[in-house]
There are 4 protein chains.
Amino acid sequence: MPDQDAPVHPHHLSSSTPERLTQRSDARRNIQKLLDAAAALFVTSGVEVPVREIALKAGVGMGTMYRHFPTRADLIVAVYRHQVEACVEAGPALLAESSTPFVALQSWIYLFVDFLTTKHGLAAALQSDRPSFDALHNYFLERLVPVCEQLLDAARQADEMHSDIQALELMWGVGSLCINTTKELQIDARRLVSLLLTGLR
Amino acid sequence: MPDQDAPVHPHHLSSSTPERLTQRSDARRNIQKLLDAAAALFVTSGVEVPVREIALKAGVGMGTMYRHFPTRADLIVAVYRHQVEACVEAGPALLAESSTPFVALQSWIYLFVDFLTTKHGLAAALQSDRPSFDALHNYFLERLVPVCEQLLDAARQADEMHSDIQALELMWGVGSLCINTTKELQIDARRLVSLLLTGLR
Amino acid sequence: MPDQDAPVHPHHLSSSTPERLTQRSDARRNIQKLLDAAAALFVTSGVEVPVREIALKAGVGMGTMYRHFPTRADLIVAVYRHQVEACVEAGPALLAESSTPFVALQSWIYLFVDFLTTKHGLAAALQSDRPSFDALHNYFLERLVPVCEQLLDAARQADEMHSDIQALELMWGVGSLCINTTKELQIDARRLVSLLLTGLR
Amino acid sequence: MPDQDAPVHPHHLSSSTPERLTQRSDARRNIQKLLDAAAALFVTSGVEVPVREIALKAGVGMGTMYRHFPTRADLIVAVYRHQVEACVEAGPALLAESSTPFVALQSWIYLFVDFLTTKHGLAAALQSDRPSFDALHNYFLERLVPVCEQLLDAARQADEMHSDIQALELMWGVGSLCINTTKELQIDARRLVSLLLTGLR
DNA sequence: AATGAATGAGCTTTCATTCAT
DNA sequence: AATGAATGAAAGCTCATTCAT
């Protein structure tokens, strides 16, 4: 996976080929510094943290930031790309190793919940309708929905569930339940999600 | 309920007596214009719409806006007060007229869903942790959580459900599922909520 | 002195006849309420206190306030009229009873200092060049400068001082030294003024 | 003194080393434009002039203003830094070259008076108790009071004065006498100050 | 390619003054 | 004569985005 952490440009969202065969080493270094800074700040201040703070922490100029990540979504996608891809790959793996397809689905959904709930503000950003978040939104759905679909189909074929829910719908619901569960009001997203899963059966 | 649509002042949140017996007609008219403008803009632009826009659309000055609704939350609460109170009153009524307590709970939750999903941005605002939304948040929880609690208890006593979920948790989950379901991506909040309810049984 | 506490209109500044022979009793009552409220607020918040606060404390409407005291200066003048007049009258009295004219001058100046330093913000307002303070400024100078002049002349005639300072200049200087001496930085206006007086000899 | 006119950051107030060795020429130009605009507006409208007006006159955006001068006091200090420092340096020089310490003190005080009286509103700002002026206030006192103290001590040691006045007190008094003497009412601050100085002897 | 200075629209809030009631 | 609601022009400050260097 040679392009991991590379800047994400819209038309490359579903591509896995490197966008440029050569790249100046300082550019590559700056990109990494930005990703590291963003990852750290997303944790402490959420994904809506001012871009200037990210550039500052990365020790690069604003222009550099914009050159590599034209929109905030590009940066968010790049920061979480690894983990999303790990989630994508976990789908078939879980299906293979779990006792039943529905158990695999459950495990996979909890994986996703754990991912979202540890990223302050990410679940909300995923559902934002602000144009600058479109790329984020698209990327997540494009990668994860097919996996979820596969798991749902398997569960249905095994007669473990009869709900006709769509994968997109389920992912959306799970994402929603993960919003704002890091705040003072301690809501346990897993509990709510488990209700949803129980309801699927 | 003589004070409907009256400006909301903190200490009157749970009172149902009119704060003033007389009020200048132009003031009352302006309050109504503000409520109408706010209601309309909340639908199109969400509850975060700039106060200036609200004042502009209402055709009143900034000062008038602040006189009647010192904080944004005051305005939001006033705009939705009717419907929240209707929801509050519907709880016992549904309990009385439904075949079983769990059916009453379901109906009541759907009522709440219908309310939220027709108000673009309201569900999100309800979960915002920004200080200016505290009053909104508090108002909703204070009014609705006890009703939900009553319905949950009744359903448990009737042995219709065994989940030990808290009313606050359930309301929060339902609220979450109603976020952003008015957007292009057509997600059916009712379907998701029905899964949650099924999961409760 | 029948017009004490009456609203001050510019063309009446130096008149001592009542401006109107009849006045509705409620009007007179409101004027008094305003003067009382203003006097109290001037002490705690300075003479720049928002007019709305004064009206509020007086329990009258804004319009009433503006009817009786068109400018802030009018109100200030009315509030302090008594004390200014007392100061005016003290001049000749001190001259009569003091051992020497210069001693009388000293005592009179200290009287003025005591007056100013106990009125938070008054000394500054006296020197403000904002148009709404003109009346205040004029009133004080018109009433007090002639008295000061008289004392200065007497001291000069008694050969107790040879400085050719003008009364206006001296009053201004004394007023200046009384500005901001109520703040944290504890400056003793009397000490500074005493230097000035020593310098006069 | 290579940093003259450089933006003032709090921790550099008493430093004389340049904060950055290089600076973009446009930035330097903008800083100068801001200082020029501020100096001009301070004269005509006082140091309370709205920041927006300063930015406008300088022909720069609001953000530029805030970048270089985060608080109003920073700007005021920067505008007057030169002259304050000149005053600081004049103290020992005058002491060395004057016939007697008291004469040096007099000359130095007149220097300060000339400075203040040519800056409309500065003397008043110096005594303002509004938080945004604290830095200004502190800067002036920190720099000038020690110089004044030195001169006072010298005069006392030479037996030229016996008043036990504090340097801060004297400076404050002189500053007060310089307030508002640029207005229509032509008050001669030097004459008033000379009385004060005479009183010191 | 990188920098970071500059931009300026945008936000909330205050308050002297006016004027409909 | 009295009321107090309405006005709206300020103000300070923030921050995503652009672009001169």
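Below, chain A is the first sequence line, B the second, and so on; all start at residue 1.
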Pair assignment for DNA chain E - dot-bracket with | for other-strand partners, Watson-Crick or G-U under 3.5 Å: .||||||||||||||||||||
Rounded distance (nearest 0.5 Å) linking atom CZ of D:R72 with atom CD1 of D:I54: 6.0 Å
Value rounded to 0.5 Å, distance of CZ in B:F42 from NZ in B:K119: 12.0 Å
What's the [atom1]-[atom2] distance between [X] and [N], to the nearest Å?
X      : N      : atom1 : atom2 : value
B:R28  : F:dA6  : CZ    : P     : 12 Å
B:F69  : E:dT13 : CZ    : P     : 15 Å
B:F133 : E:dT12 : CZ    : C1'   : 13 Å
A:I76  : F:dA16 : CD1   : P     : 12 Å
C:L34  : F:dA1  : CG    : P     : 15 Å
B:L56  : E:dC11 : CG    : C1'   : 15 Å
B:L75  : E:dT12 : CG    : C1'   : 14 Å

Residue list, salt bridge (charged side-chain N to carboxylate O under 4.0 Å, His left out) with D:E48, at least two apart or on another chain: D:R130
Candidate nucleotides E:dT3, E:dA6, F:dA2, ranked by approach to the side chain of D:H68 - the nearest: E:dA6
Nucleotide nearest B:N30 (side chain, heavy atoms from C-beta), chosen from F:dA6, E:dA6, E:dT3: F:dA6
C:K57 atom NZ: more than 12 heavy-atom contacts under 6.0 Å: no
Counterpart residues, side chain to side chain donor-acceptor pair (under 3.5 Å), relative to A:T64 (two or more places apart): none
Sequence-distant partners of B:N138, side chain to side chain donor-acceptor pair (under 3.5 Å), two or more places apart: none
A:T71 side chain reached by A:D134 side chain, heavy atoms, under 4.5 Å: no
Close side-chain approach of A:I31 and A:F69, heavy atoms under 4.5 Å: yes
Side chain to side chain contact (heavy atoms under 4.5 Å, CB included) partners for B:A125, two or more places apart: B:V47, B:F133, B:L136
Nucleotide-resolved protein contact map, nucleotides 16-21 of chain E, B/S/- at heavy-atom distance under 4.0 Å: BBBBBS
